[in-house]
Structures are given as C-alpha cells and as structure tokens.
Amino acid sequence: MAELLQLLRPHLQKLVPYSSARDEFSGEAAVFLDANENPLGSATLENYNRYPDPYQYRVKRMLAKIKCVEQEQTFLGNGSDEAIDLLIRAFCEPGQDHIIILPPTYGMYKVSADINNVEVRELLLSSDFQPRVEAILEAANAQSKILFICSPNNPTANLQNPEAVRLLLQSFPGLVVVDEAYIDFARVNSWTEKLEEFPNLVVLQTFSKAWGLAALRLGIAMASPEIIAILNKIKPPYNINELTQERALNAMRNFDKMEMHVKLILHERERLVKALEDLALVEKVYPSDANFVLLKVKGARQVYEYLVKQGIIVRDRSKVALCEDCLRITVGTPEENDLLLEQLALYSA
Ligand SMILES: *Cc1c(COP(=O)(O)O)cnc(C)c1O
C-alpha cells in the first residue's frame with residue numbers, strides 16, 4: 001500500500017483539502033448558521049436550501065450492500081467521467097507520466113488525459129478485441145500510472161478475457177482501472193470481488209446504463225480505502241447534488257425493477273442479434289455482453305445516413321481502429337427494435 005501512495009503525484013501527498021462546513025460539523029443541531037445557506041428555502045423547490053452530504057453516506061451505505069463492498073471502498077462521482085478525470089489528475093504528472101488505453105475503447109479516457117496534458121499510449125486490442133498482455137507489459141514503465149481496461153468494452157461489446165486482466169493486475173506497475181459500465185448486462189461477476197487481492201485495482205460502474213439514470217450523472221468507483229481517500233481529498237466538496245442522491249436511493253430501493261429491465265433488454269438483444277444476422281447487408285454481428293451490439297455491414301456510412309433519414313440514429317464507428325464498416329446499435333424497446341429491423345430490411349431489399 002505504501003507503494004500505491006508513491007504512485008500519487010507528489011504535490012497531492014501534502015495537499016490540504018477544502019474543509020466544508022459539513023466537514024467541520026456533521027452531527028444533529030437545532031440551528032445551523034455555519035454554511036451561509038438561505039434559511040427560508042427556495043421559491044420553487046422544498047428542502048433544497050441546505051448543502052448536500054459531501055460523502056453521500058446514505059447512498060453509499062445502500063450501494064455497498066448491493067455491490068458487496070465496504071463503504072470505505074466506494075466513491076461517487078458526477079458520472080464515471082468525473083472518477084476517470086480525478087484518477088488521472090491524482091496519479092499522472094502532466095508532461096511526465098502517461099496512461100495506457102486499449103483501442104477501440106471508450107473515448108473519455110483519452111479526452112480526460114488530453115485535457116490534463118497527460119500523454120496517452122495506445123495499444124490496439126487484438127483482432128478478436130482482447131488485450132495483448134505481453135505488448136502492454138512491454139510498453140509499461142514506472143511512468144505508466146494508469147491502464148484503462150473496459151469490460152464489457154465499448155464499442156466492441158465483449159468482455160475482456162479474465163486471465164488477461166488478472167495477468168495485467170499482477171504485473172502492471174500502476175493502477176488498473178476496469179470500467180464495468182455494462183457489467184449488469186454480462187453474466188459474470190464483477191472484478192470488485194478481487195479488490196482485496198489487488199490493491200492497484202479500481203472498478204468503475206455507473207447508474208447511467210442498467211439503472212436507466214444517465215441524466216442523474218452518478219458514477220461509482222470502487223477500490224482500496226487508500227485510493228478512495230485520495231479521490232475524496234481532491235474531489236469538489238459537494239460533487240453529488242441532493243436530488244441525485246435522493247433519486248439514486250429510490251432506484252436502489254426498487255432493485256427488482258432494474259433487474260426486470262435488464263432481463264427485457266437481454267431478451268431483446270438476443271432477438272435483435274438473430275434478426276440482424278438474417279439481413280443481407282449485415283456481414284457480422286459481434287458477440288455482445290452489453291446493451292448494444294457492434295455489427296459489420298456493407299457500406300456503414302451509407303447505412304447510417306439512410307437510417308438518419310428514417311429518424312433512427314445509431315452510432316457510426318467505421319472510422320475507429322479495427323471497426324471498419326461497423327455500426328454500434330443500442331438495444332431499444334421492442335417497438336424501437338422492430339422499427340430499426342423494418343427499415344434495415346427495406347434498405348437491403
Ligand atoms: C456509458 C459509459 C460510461 C458511463 O459514464 P457516466 O459518466 O457514468 O455516464 C462509462 N464508461 C463506459 C465505457 C461507458 O460506455
């Protein structure tokens with residue numbers, strides 16, 4: 001663990017974080033005159049005149065139970081995107097350190113690094129969209145502070161081979177971030193089970209996909225208490241607003257409903273894949289462990305533009321490495337999927 005803290009940017013080891021009114025006093029009291037809040041409330045919303053809990057204890061208590069981790073192992077961000085940004089800012093010295101990403105993958109790792117003037121080293125996945133472990137470890141050195149592994153991967157939709165991830169966790173010199181935004185659509189256990197075994201592991205999840213709450217902006221990072229403490233130290237004091245905390249609690253109380261939605265989406269995914277495979281313009285549907293599919297078609301750009309004209313927007317990924325002529329299609333409602341399939345059948349006809 002001492003080693004882990006050596007990965008941290010030196011100036012943060014001495015950082016004195018902002019101390020909010022709620023940090024300095026968090027108990028019960030009759031009168032709160034410590035945070036310059038408006039005691040009368042707002043014109044339109046009730047009970048939002050007080051600053052929210054900066055550490056989101058109620059949300060974390062319920063979340064920790066659902067995820068089978070300790071509260072001290074959980075961090076909440078304004079989307080996973082905030083956690084990605086904070087991890088880069090905490091561990092990567094601009095102009096000196098770098099991150100390693102495995103394209104084709106989620107775009108925010110590179111954008112966040114670029115914003116922070118942190119170098120990005122890219123090691124393409126293999127042709128079957130798996131990490132090339134030897135090449136990654138060969139490219140890594142003491143300045144390799146973070147390796148981002150997305151599993152199931154966006155946009156390829158597949159899980160990353162667990163043996164490869166394990167080897168990387170064992171031998172990569174920096175943090176290994178496993179982004180599990182789509183884990184609820186995969187029939188495997190989360191890497192959170194291995195948090196005790198690998199102190200350099202960070203698992204990202206989100207309320208944006210399976211939970212159906214993308215608009216709330218609530219992302220989850222799970223890691224050793226030491227890493228979580230670092231994120232807490234550098235985050236904006238009140239990064240998760242009160243409405244988001246309340247709605248997330250409500251969603252978690254209705255866990256069954258989320259599971260029902262996931263089941264329906266998985267059922268639709270299977271139906272969509274089968275129907276797509278029958279279309280003449282579809283050359284290949286890649287196996288999916290997520291709520292979207294990647295498919296290779298004849299003339300992806302033309303198919304994309306045709307669908308736009310029909311009012312159906314999919315993602316053209318044909319310019320992305322290893323994804324020539326590929327479209328990424330989110331699994332929609334049964335009606336939406338029918339519309340898509342109908343229009344694609346007309347296109348091929
Ligand atoms: C959608 C997605 C996220 C979610 O980001 P939020 O900021 O939590 O909405 C994270 N990682 C990947 C790979 C995604 O596709």
Side-chain angles (χ1 to χ4, degrees), residues 56 59-60 63 67 74-89 99-113 115 120 122 125 129-131 146-160 165 175-186 188 190-192 201-223 231 235-236 239-241 243-245 247-248 251-252 258 261-262 265 269 286 288-294 313-317 320-323 326-332:
Q56 312 98 23
V59 180
K60 284 184 182 172
L63 185 67
K67 300 293 177 188
T74 63
F75 171 85
L76 293 174
N78 189 335
S80 335
D81 292 345
E82 184 178 34
I84 292 167
D85 179 66
L86 290 176
L87 284 164
I88 291 173
R89 278 203 278 155
I99 66 164
I100 296 184
I101 64 170
L102 313 176
T105 193
Y106 187 48
M108 273 313 286
Y109 317 135
K110 177 169 160 53
V111 172
S112 250
I115 290 169
V120 180
E122 308 195 6
L125 293 174
F129 301 141
Q130 290 297 333
I146 309 179
L147 168 65
F148 284 96
I149 300 174
C150 188
S151 182
N153 186 40
N154 179 4
T156 61
N158 64 312
L159 283 162
Q160 302 294 275
V165 176
L175 298 185
V176 176
V177 176
V178 181
D179 185 343
E180 294 185 333
Y182 300 98
I183 188 72
D184 302 288
F185 303 105
V188 294
S190 165
W191 279 94
T192 51
L201 169 63
V202 179
V203 178
L204 299 181
Q205 294 187 11
T206 179
F207 280 81
S208 296
K209 307 287 158 62
W211 288 96
L213 292 169
L216 288 191
R217 310 307 303 129
L218 189 58
I220 311 161
M222 291 169 280
L231 296 178
K235 81 183 182 73
N239 61 328
I240 309 297
N241 72 67
L243 282 164
T244 294
Q245 294 191 43
R247 297 296 165 101
M252 287 189 286
M258 183 275 280
H261 284 166
V262 168
I265 288 168
R269 180 179 80 195
Y286 291 93
S288 172
D289 293 296
N291 67 334
F292 59 89
V293 291
L294 186 75
I313 315 302
V314 300
R315 199 82 193 263
D316 177 10
R317 298 281 77 182
V320 170
L322 303 182
C323 296
C326 283
L327 299 175
R328 193 195 71 187
I329 303 185
T330 309
V331 179

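Start at 1 and go down the list; that is how both ligands and their atoms are numbered. The chain is numbered in sequence order, starting from 1. As the structure is a prediction and not an experimental result, all values here were calculated from the model.
- For Phe185, there are no ring pair (Phe, Tyr, Trp, His ring centres under 6.0 Å) partners two or more places apart in sequence or in a different chain.
- Atom CD1 of Ile101 and atom OG of Ser112 lie 11.0 Å apart (nearest 0.5 Å).
- Put simply, the side chain of Val188 reaches to within 4.5 Å of the side chain of Ile183, judged on heavy atoms.
- Heavy-atom proximity to Lys209, at under 4.0 Å, picks out these atoms of ligand 1: 1 (C), 2 (C), 3 (C), 4 (C), 14 (C), 15 (O).
- Close contacts of ligand 1 with Ser208, meaning ligand atoms under 4.0 Å from a residue heavy atom, involve 6 (P), 8 (O), 9 (O).
- Heavy-atom contacts of Gly79 reach the following atoms of ligand 1: 6 (P), 7 (O), 8 (O) (cutoff under 4.0 Å).
- Remark: Leu327 CG to Arg315 CZ distance equals 11.5 Å, nearest 0.5 Å.
- With rounding to the nearest 0.5 Å, the separation of CG in Asp289 from OG in Ser151 is 8.0 Å.
- Qualifying side chain to side chain contact (heavy atoms under 4.5 Å, CB included) partners for Thr74, counting only residues two or more places apart in sequence or in other chains: Lys60, Val69, Met222.
- Between Leu63 atom CG and Ile220 atom CD1 the span is 4.5 Å, to the nearest 0.5 Å.
- Look at Glu82 and you'll find every heavy atom at least 4.0 Å from all atoms of ligand 1.
- At the shortest separation from atom 7 (O) of ligand 1 among protein heavy atoms lies Arg217 NH2, 2.6 Å.
- At least one heavy atom of Tyr182 sits under 4.0 Å from some atom of ligand 1.
- Cys150 counts as a contact of ligand 1, since one of its heavy atoms falls under 4.0 Å from the ligand.
- The heavy atom nearest to atom 12 (C) of ligand 1, out of those in Thr105, Asp81, Asn154, Asp179, is found in Asp179.
- Remark: ligand 1 and Tyr109 share no N or O pair separated by less than 3.5 Å (distance only, no angle test).
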From CA spacing to verdict: side chain to side chain donor-acceptor pair (under 3.5 Å), Arg217, Asn241 = CA-CA 10 Å; Arg217 310 307 303 129; Asn241 72 67; over 6 Å; no
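- The protein heavy-atom contact nearest to atom 5 (O) of ligand 1 is Ser80 OG, 3.4 Å.
- For ligand 1, the atoms lying closer than 4.0 Å to a non-hydrogen atom of Ala181 are 2 (C), 3 (C), 10 (C), 11 (N), 12 (C), 14 (C).
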